[in-house]
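Step one of this worksheet: look at the structure below.
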Amino acid sequence: MKKVYNFSAGPACLPEPVLEKAQKELVIYKNAGMSVMEMSHRSNDFTKIIESAETNLRKLMNIPDNYKVLFLQGGASSQFSMIPLNLYKNGKADFIITGQWSNKAMAESKKYLDVNVLASSEDESYTYIPSVEDIKVSEDADYVHITLNNTIFGTKYNKLPNCKNIPLVADASSCILSEPIDIEKFGIIYAGAQKNIGPAGLTVVIIRDDLIGNAKPETPTMFNYETHSKANSLYNTPPTYSIYLANLVFEWILGLGGLQKMNEINIEKAKILYDAIDNSSLFKGTVLKKDRSLMNVPFITGSEDLDSKFIEEAKQIGITNIKGYRTIGGMRASIYNAMPIEGVKLLVEFMKKFEEDNK
Ligand SMILES: *Cc1c(COP(=O)(O)O)cnc(C)c1O
């Protein structure tokens, strides 16, 4: 069977050269005589892999020395709990609410501390990012939490709130590695791997040193950042194969020219799709133009029947998983780093043909 273009929001497509390299090394990794999946996480071969993954990620994202890189499990959703447990000081946190994931993060924090909503786009069904210009962060907040890219609604921040000396904590699950970011503006950046880093099972946490070591005493050992920081992510068995594949993805992006180049490619791909939407009399975008995501592109025809027809016919020509989120409907094309530009061009060609056929 021919490979399809998989527009899934996550787990998402992986770069083909990465899969091919992994295939070559699947049964016997270099001189190890066994697969990476079979190796001890304390072996020399795996030590080299995890160290290389950290070095490559640091290089890609330009991560300063006073930040730790942790390779954890539990998904972005476990971070929703780890953050309040580890950052608790005054018992208060500020949130900007831009969709389902920020709501989920806030609900989990609320179990441990008082939460305060600084701004929200709920009034317009999360179709924009609230202005951060005149936001007043609470002086006694332990942290400010934002969702950098809203996977379900298709919006992204283009400007960050000014949090002064309060740590800014960002869920970057669906935009990490899509463009350069200034790490020093954040206390914590976290991401589940299955969108832009690698296969599911790995969660990357980039955390400033001073935020480690202050967890609430009742924090489970596995939910304490200090546990993993002290053990260099080898306190227990980490998701070894996911880390290996993530490192292949890091090498692939470095080979392309790093995050600046990745960003240029992403802008080009997103432009092709957004231009097609804006120039169409059938398809419409669903979010405010200035807040449009580079990674998740939602669009609708305005008719549920036509949406279903479009999704079904697209599937027949190898364009898969473009159905919108289950509670939202319409279409959503996720065009992460690994989606080839050819996939986006095919989608746009098909949109034009569908529009012509359904006049
Ligand atoms: C997918 C996603 C999550 C959930 O990630 P898990 O790893 O499944 O827990 C959280 N936040 C954002 C922004 C996401 O896109």
Side-chain angles (χ1 to χ4, degrees), residues 1-19 76 99-101 127 149-156 172-179 191-200 245 249 252-253 262-263 265-280 282-287 292-301 304 306-355 358:
M1 191 192 166
K2 205 172 147 245
K3 198 161 161 49
V4 297
Y5 289 110
N6 176 14
F7 288 87
S8 170
C13 56
L14 286 160
E16 226 172 291
V18 164
L19 291 175
Q100 179 178 303
W101 295 118
T127 51
N149 179 77
N150 295 279
T151 325
I152 295 172
F153 295 94
T155 58
K156 80 182 272 261
S173 293
S174 51
C175 60
I176 192 164
L177 304 178
S178 65
E179 61 184 302
Q194 67 274 21
K195 281 127 191 185
N196 234 356
I197 296 177
L245 263 179
V249 172
W252 174 73
I253 303 173
M262 198 73 252
N263 188 218
I265 298 169
N266 285 328
I267 289 171
E268 188 186 353
K269 283 189 316 197
K271 188 177 181 322
I272 293 172
L273 188 45
Y274 283 123
D275 281 353
I277 292 168
D278 292 341
N279 294 324
S280 163
L282 178 63
F283 299 103
K284 292 169 220 42
T286 54
V287 307
R292 281 173 163 176
S293 167
L294 284 180
M295 299 281 103
N296 311 98
V297 182
F299 56 101
I300 52 170
T301 62
E304 273 180 39
L306 269 186
D307 288 352
S308 302
K309 190 174 178 216
F310 179 79
I311 293 160
E312 189 45 47
E313 289 180 8
K315 197 173 164 189
Q316 285 163 16
I317 61 156
I319 295 171
T320 67
N321 291 316
I322 51 157
K323 197 172 186 320
Y325 191 75
R326 53 195 152 89
T327 57
I328 312 274
M331 280 73 71
R332 171 181 52 176
S334 294
I335 49 172
Y336 297 118
N337 288 352
M339 173 56 66
I341 196 162
E342 293 76 21
V344 178
K345 286 182 176 161
L346 182 68
L347 173 59
V348 163
E349 250 173 61
F350 177 65
M351 288 165 72
K352 286 187 182 135
K353 182 177 179 298
F354 187 86
E355 183 169 343
N358 289 277

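Note: hydrogens, waters and symmetry copies are ignored here, and every other heavy atom, side chains too, is used. A quick note: this is a predicted structure, and the numbers were derived from the prediction, not measured.
- Here the CE-CD distance, from M262 to E179, works out to 11.5 Å after rounding to the nearest 0.5 Å.
- The nearest pair of heavy atoms linking A314 to I322 is CB-CD1, 3.9 Å.
- Formation of a donor-acceptor pair under 3.5 Å by the N196 side chain with backbone atoms of N337 is found in this model.
- With sequence neighbours excluded, no residue forms a salt bridge (Lys or Arg N to Asp or Glu O under 4.0 Å) with E355.
- When all heavy atoms of N6 and A12 are compared, the closest pair comes out as ND2-C, 4.3 Å.
- Residues forming a salt bridge (Lys or Arg N to Asp or Glu O under 4.0 Å) with K353 (at least two apart in sequence, or on another chain): D357.
- For N266 (side chain) and L294 (main-chain N/O), no donor-acceptor pair under 3.5 Å exists by modelled atom type.
- Here the closest heavy-atom approach between residue G198 and residue L14 is recorded as CA-CD2, 3.6 Å.
- Under the 3.5 Å distance criterion, the side-chain polar atoms of S174 are matched with a main-chain donor or acceptor of N149.
- Applying the salt bridge (Lys or Arg N to Asp or Glu O under 4.0 Å) test to R292 and every residue at least two apart in sequence or in another chain returns D278.
- Side chains of S293 and F153 form no contact here, defined as non-hydrogen atoms less than 4.5 Å apart.
- With D307 contributing its side chain and T301 its backbone, the two residues share a donor-acceptor pair below 3.5 Å.
- Results of the side-chain contact (heavy atoms from CB on, under 4.5 Å) test with R332 over V297, T286, T151, I300 single out T151 as the only residue that passes.
- Here the closest heavy-atom approach between residue A193 and residue P199 is recorded as CB-O, 3.6 Å.
- Distance check, rounded to the nearest 0.5 Å: SG of C13 to CG of L19 gives 9.5 Å.
- Using a 4.5 Å cut-off on side-chain heavy atoms (C-beta onward), F7 and M331 make no contact.
- When all heavy atoms are compared, the tightest approach of K195 to A9 is CG-O, 3.0 Å.
- Rounding to the nearest 0.5 Å places CG of L306 at 10.5 Å from CD1 of I311.
- Ring centroids of F310 and F350 are separated by less than 6.0 Å, placing the two rings close together.
- Between T320 and S8 there is no side-chain heavy-atom pair separated by less than 4.5 Å.
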**OP:** Before giving the answer on side chain to side chain contact (heavy atoms under 4.5 Å, CB included), spell out for Y336 and L177 the whole-Å C-alpha distance, their side-chain angles and the decisive distance to 0.1 Å.
**Re:** CA-CA 9 Å; Y336 297 118; L177 304 178; over 6 Å; no
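- Rounding to the nearest 0.5 angstrom, the gap separating the CD1 atom in I335 from the CG atom in L273 is 5.5 Å.
- Judged purely by atom type and a 3.5 angstrom limit, K269 uses its side chain to pair as donor or acceptor with the backbone of M339.
- How far CD1 of I317 is from CG of L347: 8.5 Å, rounded to the nearest 0.5 Å.
- The minimum heavy-atom distance linking G192 with A76 is given by the pair N-CB, 4.0 Å.
- The aromatic rings of F354 and F283 are tilted relative to each other, their planes meeting at an angle between 30° and 60°.
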**OP:** Might you work through the side chain to side chain contact (heavy atoms under 4.5 Å, CB included) test for I328 and I152, ending with a clear yes or no?
**Re:** CA-CA 8 Å; I328 312 274; I152 295 172; 3.8 Å; yes
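- When atom types are taken as modelled, the side chain of S308 and the backbone of E304 share a donor-acceptor pair closer than 3.5 angstrom.
- Distance check, rounded to the nearest 0.5 Å: CZ of F299 to OH of Y274 gives 10.5 Å.
- With hydrogens and angles disregarded, a donor-acceptor distance shorter than 3.5 Å links the side chain of S280 to the backbone of L282.
- K345 has its side chain within reach of I272: a pair of non-hydrogen atoms, C-beta onward, lies under 4.5 Å apart.
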